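Lettering follows sequence order; numbering is per chain, from 1. Only a predicted model underlies this, so the values are computations on that prediction, with no experimental measurement involved.
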Number of protein chains: 2
Amino acid sequence: MTENDIFRALADPTRRAIYEKLAAGGMNASALREGIEISQPAMSQHLSVLRSAKLVREERHGRFVNYEIDPEGLALIAQWLAKYRAYWPQRIEALKILLKDMDR
Amino acid sequence: MTENDIFRALADPTRRAIYEKLAAGGMNASALREGIEISQPAMSQHLSVLRSAKLVREERHGRFVNYEIDPEGLALIAQWLAKYRAYWPQRIEALKILLKDMDR
DNA sequence: CCAACACATAAGCGTACACTTATGCGATTC
DNA sequence: GAATCGCATAAGTGTACGCTTATGTGTTGG
């Protein structure tokens, strides 16, 4: 769950696609495969990487495993980003939102 | 300068170390090598990757090349992070405490 | 029970990545 | 103007990565 795990996990476009899909709502591994052309083992391996980076967490339901976004990973990214606050461009809306929340 | 370039660039711990060092202030490639055990070509290659990801920008001064943080890359990361705002942990307060702990 | 299912793990393979040594190139210095 | 300096590029190499096929593990329904 290190900073290194996080960035390495996000370096792969397929994993970012999986992550984005999960952002729309939690779902199991099979459902995640729909729309993305990927084999079952590949998906399982990607989820394993995302899980050990704390970007995603699992919840067993019988033989199904429901996956969802893990806020812990996002927090670590936010921490990393905060270190470079001095260089944040002023006129980015997304940053303003981030700033507001973190200043609270 | 795609999202992919950014995350791939940050996936390498050496490049993150270079980036962090630049956050303390712009400097040339030779100065960047001090403290980090790295060959001159390796440094040049890392800087090239960071540059094409818009994480860093260069400024030629004679035979020296001064490197500095490029806010554009940070903006893209912030945009990416903003997409998952719904999952940001509520207790940003705790996040800030964590930040201070990491600063030692 | 046992067959089908959801998912994980193992082993092998091609490719991308980060490094090395060697060389090139433009700018300064003497 | 030749040597040196700061940096970039080329070419080669070991390793990590993401994929595949095959198999294992636990669960559920008929």
Quick one: does [X]'s side chain get under 4.5 Å of [Y]'s, heavy atoms only?
X	Y	result
B:R33	B:S30	no
A:I18	A:M43	yes
B:E20	A:Y84	yes

[X] side chain near [N] phosphate (N/O to OP1/OP2, under 4.0 Å):
X	N	result
A:R60	D:dG26	no
A:S39	D:dT20	yes
B:T14	C:dC19	yes
B:Y67	D:dG6	no
A:R63	D:dT25	no
A:H46	D:dC17	no

Rounded distance in Å - [atom1] ([X]) to [atom2] ([N]):
X	N	atom1	atom2	value
A:F64	D:dG29	CZ	C1'	11 Å
A:D12	D:dC19	CG	C1'	11 Å
A:E58	C:dA8	CD	C1'	10 Å
A:R16	D:dG18	CZ	C1'	14 Å
B:E37	C:dC19	CD	C1'	13 Å
B:N66	D:dG6	CG	P	14 Å
B:H61	C:dA27	NE2	C1'	14 Å
A:M43	C:dA8	CE	C1'	14 Å

Base D:dA8 paired with B:Q40 side chain (donor-acceptor, <3.5 Å): yes
Does A:R15 reach a base, just sugar-phosphate, or nothing at all? Heavy atoms under 4.0 Å. sugar-phosphate
Taking any heavy-atom pair under 4.0 Å as a contact, classify A:S30: base, sugar-phosphate, or nothing. sugar-phosphate
Counting N and O atoms only, with roles assigned by atom type, does the side chain of A:D70 sit under 3.5 Å from a partner on the main chain of A:G73, one being a donor and the other an acceptor? no
Report yes or no: does B:D5 contribute a side-chain atom to a donor-acceptor pair with the main-chain N or O of B:T2 at less than 3.5 Å? yes
B:S44 has a side chain; which of D:dC7, C:dA11, D:dA22 sits nearest to it? D:dC7
